[in-house]
Protein chains: 2
Amino acid sequence: MPDRGPLNRDRIVAAAVALVDTDGVDALSMRTLAGRLGCAPMSLYNHVADKDELLTAMLEAIADEIEPPEPDREPLDAIRARAISTRDALARHPWAAELWQRSVPGPARTRLMEELLEMLARTDLSPRVAHHGFHAVNNHVLGYTLQELGMNMGDDPEKTARDFQDAIVADFPLMAAHIQQHLDGDTSRTFELVLDLILEGLARLDREG
Amino acid sequence: MPDRGPLNRDRIVAAAVALVDTDGVDALSMRTLAGRLGCAPMSLYNHVADKDELLTAMLEAIADEIEPPEPDREPLDAIRARAISTRDALARHPWAAELWQRSVPGPARTRLMEELLEMLARTDLSPRVAHHGFHAVNNHVLGYTLQELGMNMGDDPEKTARDFQDAIVADFPLMAAHIQQHLDGDTSRTFELVLDLILEGLARLDREG
DNA sequence: ACCTGAACACCGTTCAAGT
DNA sequence: ACCTGAACACCGTTCAAGT
């Protein structure tokens, strides 16, 4: 059931995101994408320079899903909300985190970074600590999301986890126990907890110079 | 100048790592790799099941480069040293961080995780905080490395950074200033600083329950 | 047991030709 | 300005045949 109507850049990017959301990034080819859109493969090249530019445009579309900062909020609170919104957007599109740092950021991704720097500037953190804070928050969001999505691979994440657990329990008991903690579900707030640890750590670092 | 001698799994993996270190992960094909090794493409399949297994084996080889924990060290110090050694290994192989979470970990990568959990167990952190610490440290190492390598793209990283800076300075002044801080080189210890922030934050989190 | 040529079913992209 | 078929130079992998 190919979509019809006039071809344009936005329709191409939206179709590509939809395709990759369901079938994975390896399933994206210019030919299958054209099939979904009901056009010839080469028609796509009237709207995107090449596949790389398409992927960059797809990441920009994901960046646009992330909630803008709420200007009336306490800056550290706003940073916290932004981090959570970013994680949510990356979780909705499990392929995006892996590619997030692959190409030079476009306007949407650059705006995200500018906004985080703005929020940090509105805190009373020193410029030096704010610089580190920028990286600390970004590293956490990206690193956590990659780890979470890496664990949730395949059609049945729980089965994947249990199979891995069974395979390693003899040689790596602590890791098997760690996985059990995840399976027991009492770790769902790790992202927020570590985020708070970082935000409080920044404030403390600043106080001590 | 193809290497000669009998083909085996280790030679294939080593040649693949060398190829990808210099030419990037997109340059890795079974055909070019076979060319480097002086064998037919299909000969590789006598030693690896497919390209995916080869990539997994390459990541295992990188994991084996990471220094084992020094058992006589203070646990938090040992964790710190391990994090730095991991970052160094990933920096030597700029393609590896992107793939790190892509497939189910093999024995070498699982051993790394087990060892981190062992070091955490040797601290006096509560099991709950140790669980979060595992993720906090791993997220930071992976997230930081990805960010650092993302910035150092292309043949001339400094030129890439300056070009990006020029392109965005009008719309995103804070981001341009942030890049300037990197170009000035006074941010080289961000990785260790944020790492220490996390480790101290864990100890504090524990004290407060 | 290990190797390999030919073949199959794909890719991204160039180019020239259409409207 | 936008579309597209044919073609080019690649892929990963199967299979049957070699030693």
Side-chain angles (χ1 to χ4, degrees), chain A residues 1-61 95 98-99 102-104 106 153-154, chain B residues 1-61 95 98-99 102-104 106 153-154:
Chain A
M1 57 200 88
D3 297 58
R4 284 284 166 185
L7 210 54
N8 62 54
R9 192 177 226 263
D10 286 347
R11 277 191 65 223
I12 291 173
V13 172
V17 168
L19 192 159
V20 171
D21 279 351
T22 59
D23 297 350
V25 74
D26 290 339
L28 177 66
S29 81
M30 301 303 270
R31 288 163 138 100
T32 60
L33 179 58
R36 291 256 185 136
L37 287 161
C39 71
M42 286 316 299
S43 304
L44 302 172
Y45 288 84
N46 292 304
H47 303 93
V48 294
D50 52 26
K51 191 178 179 181
D52 227 60
E53 193 188 287
L54 173 60
L55 283 166
T56 300
M58 291 163 67
L59 292 178
E60 290 282 294
W95 48 274
E98 206 183 301
L99 303 176
R102 204 188 169 135
S103 51
V104 174
M153 280 177 342
Chain B
M1 59 200 85
D3 298 55
R4 285 285 166 184
L7 211 54
N8 61 55
R9 192 177 224 266
D10 286 347
R11 278 191 64 223
I12 291 173
V13 172
V17 168
L19 191 158
V20 171
D21 280 351
T22 60
D23 298 350
V25 73
D26 290 338
L28 177 65
S29 81
M30 302 303 269
R31 288 163 139 101
T32 59
L33 180 58
R36 291 256 186 135
L37 287 161
C39 70
M42 287 316 298
S43 304
L44 303 172
Y45 288 84
N46 292 303
H47 302 94
V48 293
D50 52 26
K51 191 179 178 179
D52 227 60
E53 191 187 289
L54 173 61
L55 283 167
T56 300
M58 290 163 67
L59 292 178
E60 289 283 293
W95 49 274
E98 207 182 302
L99 303 177
R102 205 190 167 131
S103 51
V104 175
M153 280 177 342

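Note that the structure is predicted; figures quoted are calculated from it, not measured.
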*Asks:* What integer distance in Å separates B/Arg9:CZ from C/dA1:C1'?
*Replies:* 17 Å
*Asks:* Can you tell me if the side-chain N/O atoms of A/His47 get under 4.0 Å from OP1 or OP2 in D/dC3?
*Replies:* yes
*Asks:* Partner lookup for D/dC2, please. Criteria are Watson-Crick or G-U wobble with both distances under 3.5 angstrom; report none if nothing qualifies.
*Replies:* C/dG18
*Asks:* Nearest to the B/Asn46 side chain among D/dT14, D/dC11, C/dC3, which nucleotide is it?
*Replies:* C/dC3
*Asks:* So what does A/Leu54 hit on the nucleic acid, given a heavy-atom distance under 4.0 Å: a base, only sugar-phosphate, or nothing?
*Replies:* nothing
*Asks:* Output the single nucleotide from D/dG12, C/dC11, D/dT4 whose closest atom is nearest the side chain of A/Ala40.
*Replies:* D/dT4
*Asks:* What is the distance, rounded to the nearest whole Å, between atom CG of B/Leu44 and atom P of C/dA1?
*Replies:* 20 Å
*Asks:* Using side-chain heavy atoms (C-beta onward) and a distance below 4.5 Å, is B/Asp21 in contact with B/Trp95?
*Replies:* yes
*Asks:* When rounded to the nearest 0.5 angstrom, what is the spacing between CG in B/Leu33 and OG in B/Ser43?
*Replies:* 11.0 Å
*Asks:* In whole angstrom, what separates A/Asn8's CG from D/dC3's C1'?
*Replies:* 14 Å
*Asks:* How many Å lie between CG on B/Leu33 and P on D/dC11, as a whole number?
*Replies:* 11 Å
*Asks:* Can you find a heavy atom in the side chain of B/Arg102 that is under 4.5 Å from one in the side chain of B/Leu59?
*Replies:* no
*Asks:* In whole angstrom, give the distance that lies between atom CG of B/Leu37 and atom P of C/dT4.
*Replies:* 11 Å
*Asks:* What nucleotide among C/dT4, D/dG12, D/dC11 has an atom nearest to a side-chain atom of B/Tyr45?
*Replies:* D/dG12
*Asks:* Calculate the interatomic distance between B/Ile12 atom CD1 and C/dC3 atom C1'; express it in whole Å.
*Replies:* 12 Å
*Asks:* Give the nucleotide from the list D/dG5, D/dC11, C/dT4 with an atom nearest to the side chain of B/Arg31.
*Replies:* D/dC11
*Asks:* Which base sits across from C/dT13 as a Watson-Crick or G-U pair, both distances under 3.5 Å?
*Replies:* D/dA7
*Asks:* Counting heavy atoms from C-beta on, name the nucleotide in D/dT13, D/dC11, D/dC3 closest to the side chain of B/Ser29.
*Replies:* D/dC11
*Asks:* Rounded to whole angstrom units, what separation is found between the CG atom of B/Asp52 and the C1' atom of D/dT13?
*Replies:* 13 Å
*Asks:* Of the nucleotides D/dT13, C/dT14, D/dC11, which one has an atom closest to the side chain of B/Met42?
*Replies:* D/dT13
*Asks:* Are the charged groups of A/Lys51 and B/Asp26 less than 4.0 angstrom apart, N to O?
*Replies:* no
*Asks:* May I have the distance from B/Met30 (atom CE) to C/dC8 (atom P), rounded to whole angstrom?
*Replies:* 21 Å
*Asks:* Given B/Met58, which of B/Ile12, B/Val20, B/Leu19, B/Val25 fulfils the side chain to side chain contact (heavy atoms under 4.5 Å, CB included) condition?
*Replies:* B/Val20
